Amino acid sequence: MDYQYPEFEVVRNADRCIGCRACERQCANEVHYYDADLGKMMCDESKCVNCQRCVTLCPTRALKIVKSDNTFRENANWTMENIKEIYKQAETGGVLLSSMGNPKPLPVYWDKILINASQVTNPPIDPLREPMETRTFLGQKPTEVKRDENGKIVNNLSSQLKLEVPIMFSAMSFGSISKNAHESLARAAAELGTYYNTGEGGLHKDFYKYGPNTIVQVASGRFGVHKEYLEAGAAIEIKMGQGAKPGIGGHLPGTKTVGEVSRTRMIPEGSDAISPAPHHDIYSIEDLRQLVFSLKEATEYKKPVIVKIAAVHNVAAIASGIARSGADIIAIDGFRGGTGAAPTRIRDNVGIPIELALASVDERLRQEGIRGNVSIVVGGSIRNSADVVKAIALGADAVYIGSAACIAMGCHQCRACHAAKCNWGIATQRPDLVKRLNPDVGYKRLVNLVEAWNHEIKEMMGGMGINSIESLKGNRLMLRGVGLNEKELEILGIKHAGE
Amino acid sequence: MKRIFVNEEWCLGCHLCEYNCAFANTVSAGKSKANEMAKALKGKKIFPKIQVEENDGIYFAVSCRHCTDPLCVKGCIAGALSVKDGVIEIDQDKCVGCYTCVLSCPYGAIMPAEDGHVAQKCELCTRNSCGSPACVAGCPNNAIVFEER
């Protein structure tokens with residue numbers, strides 16, 4: 001007996017439905033069907049994941065999906081969710097799997113931080129009338145000015161990443177997302193003058209041409225890593241951890257390791273791609289340093305190396321180690337970061353908020369005088385341009401967006417990526433579904449999103465009287481907290497509103 | 001001249017172009033499209049001028065190519081088909097329903113109209129209130145485009 005009750009109901013307006021069957025054809029979960037005997041469209045709502053594909057495509061807006069109001073005898077402790085999860089595990093004996101970021105009602109510090117604006121004593125700047133700089137460079141910054149015997153300045157700058165906007169696309173592997181999604185990201189990054197990240201899935205041969213806007217990732221499974229791959233990218237990222245699942249590896253099921261995915265990952269077709277939890281050659285900062293310099297040697301010191309970690313309890317100390325390992329950039333992924341699949345308990349309970357991690361890392365590196373050794377990039381649920389401004393003012397050099405980028409491409413956060421039947425053609429490898437994301441459309445939507453955010457960032461900077469993103473960096477005086485306790489304010493390094 | 005092109009690579013076989021085509025001639029300005037479309041098409045068999053061909057997981061929509069040397073116009077015994085500014089038009093008042101055009105079109109882009117007595121074909125929405133092709137505007141994946149090639 002199945003104790004589960006469908007989470008959603010499909011509501012069809014019979015007056016509006018013209019029986020075009022677009023809903024039926026577009027639902028990979030096979031919710032909708034036409035009953036010839038009754039002469040009308042029917043549905044099996046138990047299969048619905050609420051991805052909104054049918055709702056969006058219905059030409060007469062005859063459909064809506066609502067949360068079922070069927071109620072268990074729940075209470076504040078035994079919530080419906082807790083009860084349902086127990087039923088599921090009692091039925092299957094399995095580890096619960098989830099997708100996308102942590103949905104729990106834990107504090108979102110971005111929403112408790114407010115931004116300053118100039119009044120009277122210092123003039124705001126109008127970005128439509130005056131130049132406003134959002135260009136930024138990521139990489140090690142020299143601590144001293146060197147001159148030759150004639151007094152000319154010697155260029156002692158190591159390789160840098162040049163970003164026209166302080167926003168990059170987070171690592172999402174080809175395998176976890178489709179080829180068309182990757183193409184959309186790559187083309188958008190190229191047009192915007194920023195970078196996208198291959199994730200741990202190798203780089204498809206068709207996308208080498210986007211190399212100057214590509215960050216290639218080296219993760220614990222080392223899938224798809226070879227010399228040309230390393231040389232193809234503008235930077236190399238060593239992935240130590242991911243915000244959605246700190247401390248555990250990855251698992252791309254064999255069903256997704258097909259055709260081009262298997263060739264790009266350089267593993268046999270149909271084999272599970274298992275990324276171990278640790279890098280088996282990294283058990284210390286010294287080991288990490290070896291990998292950083294191996295990668296630099298392999299690419300003749302032309303490319304900056306990023307080390308990506310999940311935000312965990314000792315993040316500041318870990319970042320301090322990374323800043324001394326020779327890495328050029330530290331990427332920190334907060335506990336709300338998305339994923340194509342993670343054990344639910346890990347996703348919902350492991351890691352710390354990115355806001356606190358960022359503030360403590362920036363502060364620690366400053367105290368130790370090594371902040372210039374590295375740039376800091378943060379990700380893990382940057383949802384809008386205000387989050388970007390707050391992150392930069394807390395000390396980040398740039399941000400990574402993953403979930404927001406997916407949403408721009410059509411994702412409706414149904415959180416069923418692990419089912420591999422994404423109706424929007426993003427988190428799937430099924431050819432009939434992949435083709436639903438036309439990169440011409442997807443890339444344009446990404447460009448629109450980032451350009452819109454950039455306009456807003458300029459507006460907010462202008463309001464503060466700042467005309468360059470560099471002047472906003474680490475400028476915590478521009479931030480105030482609301483509803484935060486002393487300890488939270490201390491960690492964030494900001495004052496309370498009114499102070 | 002701009003023509004309608006269908007890119008099979010992006011066609012999802014959702015058939016929405018057929019419904020947008022069937023509705024294209026009946027749009028009333030200032031009304032809710034959803035309501036008007038439901039009113040026009042509910043419970044009716046549609047006779048679109050663009051049709052999705054599908055077999056074995058491959059889909060693509062087919063409509064008139066507006067050939068530069070059109071066989072349908074050559075074959076028309078009643079003088080109902082003509083080329084105007086590159087657009088092949090049909091004068092249904094002149095059409096006698098012999099369907100020579102239906103037989104001669106190599107693409108299957110001309111078909112009998114709803115009443116079964118005359119032929120119909122895509123005229124690029126030049127003779128309805130849409131202004132530009134409704135199938136193109138309504139395609140969710142940019143598989144149908146209206147462009148110069």
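In this text the structure is predicted, and so the values were computed from the model without any measurement. By convention in this document, chain letters (A, B, ...) are assigned in the order of the sequence lines, proteins followed by strands, and residues within each chain are numbered from 1.
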So how far is it from B:Met37 CE to A:Cys58 SG, rounded to the nearest 0.5 Å?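 The CE atom of B:Met37 sits 8.5 Å away from the SG atom of A:Cys58.
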Name the region of B:Leu12, side chain, backbone, both or neither, that has any atom closer than 4.5 Å to a heavy atom of chain A.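 It is both, since atoms from each part get that close.
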Are there residues of residues 108-118 of chain B whose heavy atoms fall under 4.5 Å of chain A's heavy atoms? If so, which?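 None at all.
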Residue A:Leu433 versus chain B: region with a heavy atom under 4.5 Å: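 Neither part.
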Between these two chains, chain B and chain A, I want each donor-acceptor atom pair under 3.5 angstrom written on its own line with its distance.
| residue | atom | partner | partner atom | Å |
| --- | --- | --- | --- | --- |
| B:Glu8 | O | A:Lys435 | NZ | 3.4 |
| B:Cys11 | O | A:Lys435 | NZ | 2.9 |
| B:Asn35 | OD1 | A:Arg16 | NE | 2.6 |
| B:Asn35 | OD1 | A:Arg16 | NH2 | 3.0 |
| B:Lys42 | NZ | A:Ala14 | O | 2.9 |
| B:Lys42 | NZ | A:Cys17 | O | 2.7 |
| B:Asn141 | O | A:Asn438 | ND2 | 2.9 |
| B:Asn141 | OD1 | A:Asn438 | N | 3.2 |
| B:Asn141 | ND2 | A:Lys435 | O | 2.8 |

